[in-house]
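One structure is given here, and the rest of the page talks about it.
Not measured: the values here are computed from a predicted model.
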Amino acid sequence: EVTLSGTLSEGNVTEPTGSAGSGSVSVVLNGLTATIDISYSDLTGPATAAHIHGPAPLGTNAGVALDLAPFHAGDFAAAGTFSGSTELDLDSVNALLNGLFYVNIHTAAHGGGEIRAQIEISE
């Protein structure tokens, strides 16, 4: 079992947004199963989408690897949580362990992503 984490902030977005939004990401990897817990708050408006993107290092954008909408209960808001588990393939596990996945939460004001967190192995 490996625990990974990240801090959601506007400063991690490829083009910083100036948002006061923040949050945290926790991923527990057990074999090919990833258990994901994300909390966020203080967005400029309701989230319009949230994804895990990759593979890409910090400062680089990549396509959607996992849509987080199914992990969210209720309507999107300016604050909320995503929680759930999913099975990954071996390539995704390797990319995750090498810090090449990131969480991006999108809003109407920041369609490219308002806050972002690189997911890395916790110390």
Side-chain angles (χ1 to χ4, degrees):
E1 184 173 288
V2 178
T3 301
L4 303 99
S5 61
T7 300
L8 287 157
S9 75
E10 63 86 27
N12 292 330
V13 178
T14 305
E15 295 179 18
T17 63
S19 170
S22 63
S24 63
V25 177
S26 171
V27 178
V28 176
L29 184 63
N30 190 348
L32 297 177
T33 302
T35 301
I36 301 163
D37 287 295
I38 299 168
S39 63
Y40 65 95
S41 61
D42 299 320
L43 299 180
T44 57
T48 55
H51 308 108
I52 294 179
H53 294 259
L58 184 63
T60 305
N61 291 328
V64 173
L66 179 66
D67 181 3
L68 293 171
F71 295 82
H72 192 281
D75 294 332
F76 281 143
T81 60
F82 298 91
S83 186
S85 295
T86 190
E87 295 294 311
L88 302 177
D89 62 31
L90 197 52
D91 288 342
S92 294
V93 167
N94 287 329
L96 181 63
L97 292 173
N98 285 298
L100 297 176
F101 279 133
Y102 62 92
V103 172
N104 205 355
I105 300 180
H106 309 266
T107 60
H110 301 285
E114 182 164 330
I115 56 176
R116 172 177 167 163
Q118 204 74 20
I119 305 169
E120 299 175 311
I121 294 175
S122 302
E123 295 298 320

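Taken to the nearest 0.5 Å, the CG atom of N98 stands 11.0 Å off from the CD atom of E120. Going from atom CG of L43 over to atom OG1 of T107 covers 6.5 Å, rounded to the nearest 0.5 Å. Expressed to the nearest 0.5 Å, how far CG of D91 lies from CG of L100 amounts to 11.5 Å. The CG atom of L4 sits 5.0 Å away from the CG atom of L96 when rounded to the nearest 0.5 Å. The distance from the OG1 atom of T48 to the CD1 atom of I105 is 10.0 Å, given to the nearest 0.5 Å. The line from CG of N61 to CD of E15 is 8.0 Å long, rounded to the nearest 0.5 Å.
Other residues, nucleotides and ligands contribute over 12 non-hydrogen atoms within 6.0 Å of the CD atom of E1. Dense packing is recorded around CG of D89, with more than 12 heavy atoms of other residues, nucleotides or ligands lying under 6.0 Å away.
Looking only at atom types and distance, the side chain of S5 has a donor-acceptor partner in the side chain of S122 under 3.5 Å away. Side-chain contact, T81 with S39: no donor N or O sits under 3.5 Å from an acceptor N or O.
Linking ILVMFWY residues whenever their side-chain heavy atoms come closer than 4.5 Å, directly or via other members, places I119 and L32 in the same cluster. A continuous path of Ile, Leu, Val, Met, Phe, Trp and Tyr side chains, each step under 4.5 Å between heavy atoms, connects I52 with I115, placing both in one hydrophobic cluster. In terms of hydrophobic clustering, with Ile, Leu, Val, Met, Phe, Trp and Tyr side chains grouped at heavy-atom distances under 4.5 Å, V28 and F101 are assigned to different clusters. There is a path of hydrophobic side-chain contacts, each under 4.5 Å, that joins I121 to V25.
The two residues A50 and F82 make their nearest non-hydrogen contact at CB-CZ, 3.4 Å. Residues A34 and L88 approach most closely at CB-CD1, 3.8 Å, considering heavy atoms. The nearest pair of heavy atoms linking D37 to S83 is OD1-OG, 2.6 Å. Across all their heavy atoms, I36 and L66 have their closest contact at CD1-CD2, 3.7 Å. The nearest pair of heavy atoms linking N104 to G113 is OD1-CA, 3.2 Å. Closest non-hydrogen pair, N12 versus T7, comes out as ND2-O, 3.0 Å.
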Subject >> side-chain contact (heavy atoms from CB on, under 4.5 Å) between I38 and L8, worked out >> reply: CA-CA 9 Å; I38 299 168; L8 287 157; 3.8 Å; yes

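Each of R116, E114, H51 was evaluated against H106; a single residue qualifies, H51, per the side chain to side chain donor-acceptor pair (under 3.5 Å) test.
Classification of the H53-Y102 ring pair by plane angle, with boundaries at 30° and 60°, yields parallel.
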